[in-house]
Amino acid sequence: MNIISTSNAPAAIGPYSQAVVSGNMVFLSGQIPVDPKTGKIADTIEEQARQSITNIINILKEGEMTLNNVVKTSVFLADLNDFDKVNQIYAEYFSEPYPARSCVQVAAIPKGCKVEIECIAVKG
C-alpha cells in the first residue's frame, strides 16, 4: 500500500491519508473545499464544489493521474437543494464516459462546509 500526499490539497484533519494506492486502485479521502494556500472556505456552493474538485485534481496529479482516471465519486451535500448547482459545476470537470456517482444529503460536513467529494480512481 502506498500513500499519495500533496501540499496542494488540504492536509488531513484526522488520522487518515489524502489518498491510498492499492494495486491499480486509488482511494481518495473526501475533499472539503478548503483552499490549501489560505485555509479559507468560500461562501457559495458553486465555489465550494470547484475547490473540492480542485483538491481532488491536485491529489490525482501527485499520483500522476487526472479526472479521467476516476471511476466512482461520492458527493455529500449539507443541503440536497444544492444538487442542481453542484451538478452544473461537476459537469464542467467531468466528461463522458462519466464516473459512477452517488450524491446524498448528510447531517453535517466538517468545518461547516456545504459539500465534500470523495472518489476512487484506477491507475493505468
Side-chain angles (χ1 to χ4, degrees):
M1 179 170 74
N2 295 316
I3 302 301
I4 298 174
S5 181
T6 178
S7 60
N8 293 320
I13 57 174
Y16 61 89
S17 300
Q18 288 175 329
V20 174
V21 181
S22 180
N24 68 337
M25 304 282 296
V26 183
F27 301 87
L28 275 75
S29 294
Q31 292 302 301
I32 59 174
V34 174
D35 182 321
K37 292 181 176 87
T38 65
K40 300 211 184 286
I41 299 167
D43 292 328
T44 71
I45 187 63
E46 293 91 348
E47 292 170 307
Q48 287 196 20
R50 279 190 182 92
Q51 185 64 58
S52 290
I53 295 170
T54 298
N55 293 341
I56 288 170
I57 290 168
N58 289 334
I59 295 169
L60 289 169
K61 184 177 179 181
E62 186 70 22
E64 300 177 350
M65 293 171 290
T66 69
L67 291 177
N68 292 330
N69 295 94
V70 175
V71 296
K72 170 73 168 79
T73 64
S74 297
V75 179
F76 306 98
L77 297 174
D79 184 349
L80 203 52
N81 289 315
D82 288 331
F83 179 83
D84 289 338
K85 292 176 183 175
V86 171
N87 229 18
Q88 287 178 331
I89 302 306
Y90 188 94
E92 292 175 13
Y93 290 91
F94 290 94
S95 57
E96 292 187 40
Y98 298 112
R101 181 181 83 180
S102 52
C103 181
V104 297
Q105 179 174 311
V106 295
I109 298 173
K111 297 188 178 258
C113 295
K114 298 176 182 186
V115 63
E116 179 173 354
I117 304 172
E118 68 179 25
C119 67
I120 300 170
V122 176
K123 273 190 124 173

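Heavy atoms only: backbone and side chains are in, while hydrogens, waters and symmetry mates are out.
Hydrophobic clustering (ILVMFWY, side-chain heavy atoms < 4.5 Å, transitive): Val71 and Val21 are in distinct clusters. Note on Ile120 and Leu28: separate hydrophobic clusters, where clusters join Ile, Leu, Val, Met, Phe, Trp and Tyr whose side-chain heavy atoms are under 4.5 Å apart, directly or indirectly.
Between Thr66 and Asn69, some side-chain heavy-atom pair lies under the 4.5 Å cut-off. In this structure the side chain of Met65 reaches within 4.5 angstrom of the side chain of Ile4, judged on heavy atoms. Contact of the Glu118 side chain with the Phe27 side chain is not registered, since no non-hydrogen atoms from C-beta on lie closer than 4.5 Å. Counting heavy atoms from C-beta outward, Leu77 and Val86 have side chains that approach closer than 4.5 Å. In this structure the side chain of Phe76 reaches within 4.5 angstrom of the side chain of Val104, judged on heavy atoms. Residues Ile3 and Val20 meet the side-chain proximity criterion, which asks for heavy atoms closer than 4.5 Å. Taking the side chain as every heavy atom from C-beta outward, Asn87 and Arg101 approach each other to under 4.5 Å.
In terms of modelled atom types and a separation under 3.5 Å, the side chain of Ser22 and the main chain of Met25 share no donor-acceptor contact.
Side chains of Asn58 and Glu62: no donor on one and acceptor on the other come within 3.5 Å.
Atom-to-atom distance recorded for Leu67:CG and Ser95:OG is 8.5 Å, nearest 0.5 angstrom. Taking CG of Asn55 as the reference point, atom CD of Glu116 lies at 11.0 Å (rounded to 0.5 Å). Atom CD of residue Gln51 and atom NZ of residue Lys40 lie 13.0 Å apart, to the nearest 0.5 angstrom. Interatomic distance, CG of Asp82 versus SG of Cys103, reported as 9.5 Å (0.5 Å rounding). The distance from the OG atom of Ser7 to the NZ atom of Lys37 is 8.5 Å, given to the nearest 0.5 Å. The OG1 atom of Thr44 sits 8.0 Å away from atom CD1 of Ile89, with the distance rounded to the nearest 0.5 Å.
By the side chain to side chain donor-acceptor pair (under 3.5 Å) test, Asp79 pairs with Asn81, sequence neighbours left out. With sequence neighbours left out, the side-chain contact (heavy atoms from CB on, under 4.5 Å) criterion links Lys111 to Ile13, Ile32, Val34, Ile41, Cys113. Here Gln88 pairs with nothing under the side chain to side chain donor-acceptor pair (under 3.5 Å) rule; sequence neighbours left out.
Between Gln48 and Pro33, the closest heavy-atom pair is O-CB, 3.2 Å. Of all heavy-atom pairs between Ala78 and Gln105, the closest is O-CG, 3.7 Å. Contact between Ile57 and Tyr93 at its shortest, heavy atoms only, is CD1-CD2, 3.8 Å. Between Pro36 and Ala9 the shortest heavy-atom distance is CB-C, 3.6 Å. Of all non-hydrogen atoms in Lys114 and Asp43, the two that sit nearest each other are NZ-O, 2.8 Å. Considering every non-hydrogen atom in both Ile117 and Ile53, the closest pair reads CD1-CG1, 3.8 Å.
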- Task: Decide yes or no on side-chain hydrogen bond (donor to acceptor under 3.5 Å, both in side chains) for Lys72 and Ser102, but give the supporting numbers first.
- Result: CA-CA 8 Å; Lys72 170 73 168 79; Ser102 52; 3.0 Å; yes
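Aromatic ring centroids of Phe94 and Tyr90 lie under 6.0 Å apart.
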